[in-house]
Amino acid sequence: MKVIAIIPARMSSSRFPGKPMADILGMPMIGHVYKRVKMSKALDEVYIATCDKEIYSYAESIGAKAVMTKDTHERASDRCAEAMLKIEEANPADKCDIMVLVQGDEPLTHPNMIDEAVNPMLKDNSIKITNLAGEITSQFDYENPNEVKAVMDKNWNAMYFSREPIPSKKKFSGAIPMYKQVPIIPFTRDFLLEYNEMEPTPLEIIESVDMLRVLENDIKIKMIPTKYKVKAVDVPADIDVVLEMFKNDELKSRYL
């Protein structure tokens with residue numbers, strides 16, 4: 001099976017304008033994401049999808065394959081779908097079986113996380129989509145609305161996602177399993193196109209979590225636990241958190 005990753009990125013983030021090009025250890029954040037994803041053994045190719053010439057030019061400068069997309073996309077999956085179809089149109093031999101969406105604001109992404117997310121789909125062709133689940137270890141992250149919380153059933157299929165703290169601690173004094181969605185999301189090619197044709201759903205809109213559209217259409221999302229610690233850069237203050245985490249990072253010496 002052919003597996004590609006597409007990293008969607010745009011300059012016009014409302015909470016952190018220009019964040020894909022934010023400097024981290026002398027390199028734009030999108031560069032860290034690309035170089036780390038490129039190390040994955042599960043991938044045949046990696047692309048950056050953007051609507052901004054600044055990001056496109058930077059991608060070319062580091063030898064990354066980049067695709068220009070429309071500037072009207074509201075969701076990362078839409079940008080990835082457009083890029084995927086453009087890649088196929090340019091060369092039909094590049095048609096993939098699985099497209100892995102890797103958010104461009106996760107500079108600590110570990111290549112093994114790509115492998116973790118894709119492997120179940122390679123073993124079971126009934127799986128249309130997977131998500132990684134990372135353990136939440138602080139009360140701050142548990143209550144942080146920028147972290148999408150996830151709860152799973154006993155077979156590790158997603159039951160619900162929310163930006164609110166779930167499960168609730170209000171009536172339980174024991175240890176609560178706290179997990180967040182880690183936005184490395186493999187789709188089968190056909191399901192990505194199907195997903196993007198679905199209308200936004202009520203819970204998706206209420207919670208502002210795209211994956212609820214999948215659940216509300218009665219489609220399973222296989223959740224995969226990951227041991228790797230990552231931190232999304234949502235606001236400028238997150239850069240300081242990421243820099244602290246980079247002090248113990250094992251990969252940076254391989255590409256900086």
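All values below come from the heavy atoms of this structure, side chains included, with hydrogens, waters and symmetry mates left out. Note that the structure is a prediction, hence the values are computed from the model and not measured. The first residue in the sequence is number 1, and the count goes up from there.
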Working to the nearest 0.5 angstrom, can you tell me the gap between Tyr195 OH and Asp78 CG? 8.0 Å
Between atom CG of Leu251 and atom OG1 of Thr109, what is the distance when rounded to the nearest 0.5 Å? 10.0 Å
Can you tell me if Asn91 has over 12 outside heavy atoms packed within less than 6.0 Å of its CG? yes
Would you say the side chain of Leu193 lies within less than 4.5 Å of the side chain of Leu85, judging by non-hydrogen atoms? yes
Testing the basics here: between Gly104 and Ile7, what is the closest heavy-atom pair and its distance to 0.1 Å? CA-CG2, 3.6 Å
Counting only heavy atoms not in Met159, do more than 12 fall under 6.0 Å of its CE? no
Show your working on side-chain contact (heavy atoms from CB on, under 4.5 Å) between Ile98 and Val100 and close with a plain yes or no. CA-CA 6 Å; Ile98 295 171; Val100 186; 4.2 Å; yes
Would you call Val230 and Met113 a side-chain contact if the rule is heavy atoms closer than 4.5 Å? yes
Can you name the ring pair (Phe, Tyr, Trp, His ring centres under 6.0 Å) partners of Tyr47, sequence neighbours left out? none
Here the salt bridge (charged side-chain N to carboxylate O under 4.0 Å, His left out) pairs for residues 192-205, sequence neighbours left out, are Glu204-Arg213
Thr50 side chain vs Tyr56 backbone, donor-acceptor pair below 3.5 Å: no
The complete set of side chain to side chain donor-acceptor pair (under 3.5 Å) pairs with one or both residues in residues 20-31, sequence neighbours excluded, reads none
Considering all heavy atoms, the nearest Val182-Gly134 contact: CG2-N, 3.6 Å
In this structure, CG of Leu192 is separated from CE of Met84 (nearest 0.5 Å) by 4.5 Å
Please examine the side chains of Asp141 and Lys231, heavy atoms only from C-beta on, and report whether any two atoms are closer than 4.5 Å. yes
Start with the C-alpha gap between Val102 and Ile114, add the side-chain angles, then the distance that decides, and say whether side-chain contact (heavy atoms from CB on, under 4.5 Å) holds. CA-CA 9 Å; Val102 183; Ile114 311 290; 3.7 Å; yes
Distance (rounded to the nearest 0.5 Å) between Phe161 CZ and Ile166 CD1: 8.5 Å
His73 meets the ring pair (Phe, Tyr, Trp, His ring centres under 6.0 Å) criterion, sequence neighbours left out, with none
Looking at Glu164, is its backbone amide N or carbonyl O close enough to the side chain of Ser162 to form a donor-acceptor pair, meaning the two atoms are under 3.5 Å apart? yes
If the condition is salt bridge (Lys or Arg N to Asp or Glu O under 4.0 Å), which residues does Lys128 pass it with, not counting sequence neighbours? none
Is Met39 close to Arg254 at the side-chain level, that is, under 4.5 Å between some pair of heavy atoms? yes
Any Cys51 side-chain heavy atom under 4.5 Å of Arg79 side chain: yes
Report yes or no: do Val67 and Val3 belong to one cluster of Ile/Leu/Val/Met/Phe/Trp/Tyr joined by side chain heavy-atom distances under 4.5 Å? no
Are Ile136 and Val241 joined in one hydrophobic group, where the rule is that I, L, V, M, F, W and Y side chains link up if heavy atoms are under 4.5 Å apart? no
For residues 36-57, which residue pairs qualify under salt bridge (charged side-chain N to carboxylate O under 4.0 Å, His left out), counting only residues two or more places apart or in two chains? Arg36-Asp249, Lys38-Glu45, Glu45-Lys65
Is any side-chain heavy atom of Val242 closer than 4.5 Å to a side-chain heavy atom of Ile24? yes
Which atom names give the shortest non-hydrogen contact between Asp238 and Asp234, and what distance separates them? OD2-N, 2.8 Å
Looking only at non-hydrogen atoms, find the nearest pair between Ala64 and Ile48 and report the distance. CB-CD1, 4.1 Å
Taken in chain and number order and not counting sequence neighbours, the residues that satisfy ring pair (Phe, Tyr, Trp, His ring centres under 6.0 Å) with Tyr34 are none
Starting from the C-alpha separation in whole Å, work towards a yes-or-no answer on side-chain contact (heavy atoms from CB on, under 4.5 Å) for Ile129 and Phe191. CA-CA 8 Å; Ile129 181 172; Phe191 181 64; 4.0 Å; yes
Where the side chain of Thr69 meets the backbone of Ala83, is there a donor-acceptor pair that is under 3.5 Å apart? no
Group every Ile, Leu, Val, Met, Phe, Trp and Tyr by side-chain heavy-atom contacts under 4.5 Å, then state whether Met178 and Met223 land in the same group. no
Taking it one step at a time, do Asn131 and Ile224 satisfy side-chain contact (heavy atoms from CB on, under 4.5 Å)? CA-CA 6 Å; Asn131 277 200; Ile224 315 298; over 6 Å; no
Closest approach of Val37 to Ala5 (non-hydrogen atoms, all atoms of both residues): CG1-CB, 3.9 Å
Among residues two or more places apart or on two chains, list those pairs meeting ring-ring contact (aromatic ring centres under 6.0 Å, His included) that have a residue in residues 8-33. His32-Phe246, His32-Tyr255
For the pair Ser126 and Asp124, evaluate side-chain hydrogen bond (donor to acceptor under 3.5 Å, both in side chains) and give the outcome as yes or no after the intermediate values. CA-CA 5 Å; Ser126 71; Asp124 183 351; 2.6 Å; yes
Side-chain donor-acceptor contacts of residues 145-153 below 3.5 Å, not counting sequence neighbours, with atom names and distances?
unit_1, atom_1, unit_2, atom_2, d
Asn146, OD1, Arg15, NH1, 2.3
Lys149, NZ, Tyr142, O, 3.3
Lys149, NZ, Asn144, O, 2.7
Lys149, NZ, Glu147, O, 2.7
Lys149, NZ, Arg163, O, 3.0
Asp153, OD1, Asn155, N, 2.8
Asp153, OD1, Trp156, N, 3.0
Asp153, OD1, Asn157, N, 2.9

Nearest atoms (heavy-atom pairs only) where Ile30 meets Ala9: CD1-CB, 3.8 Å
Quick one: salt bridge (charged side-chain N to carboxylate O under 4.0 Å, His left out) pairs with a partner in residues 91-119, sequence neighbours left out? Lys2-Asp94, Lys19-Asp105
I need the Ile87 CD1 to Cys96 SG distance, nearest 0.5 Å. 7.5 Å
Atom pair CD1 (Ile62) and CD (Glu60), whose distance is rounded to the nearest 0.5 Å: 10.5 Å
Using the test side chain to side chain donor-acceptor pair (under 3.5 Å), find all partners of Lys169 that sit at least two apart in sequence or belong to another chain. Gln139
With Asn196, which residues qualify under side chain to side chain donor-acceptor pair (under 3.5 Å), at least two apart? Ser77
State, yes or no, whether a side-chain contact exists between Leu215 and Ile221 at a heavy-atom distance under 4.5 Å. yes
Is Leu243 close to Leu25 at the side-chain level, that is, under 4.5 Å between some pair of heavy atoms? yes
Do Ile185 and Val118 sit in one hydrophobic cluster, given that two such residues count as connected whenever their side-chain heavy atoms are within less than 4.5 Å of each other, even indirectly? no
Out of curiosity, does Ile184 fall in the hydrophobic cluster containing Leu101 (side-chain heavy atoms, cut-off under 4.5 Å, transitive links)? no
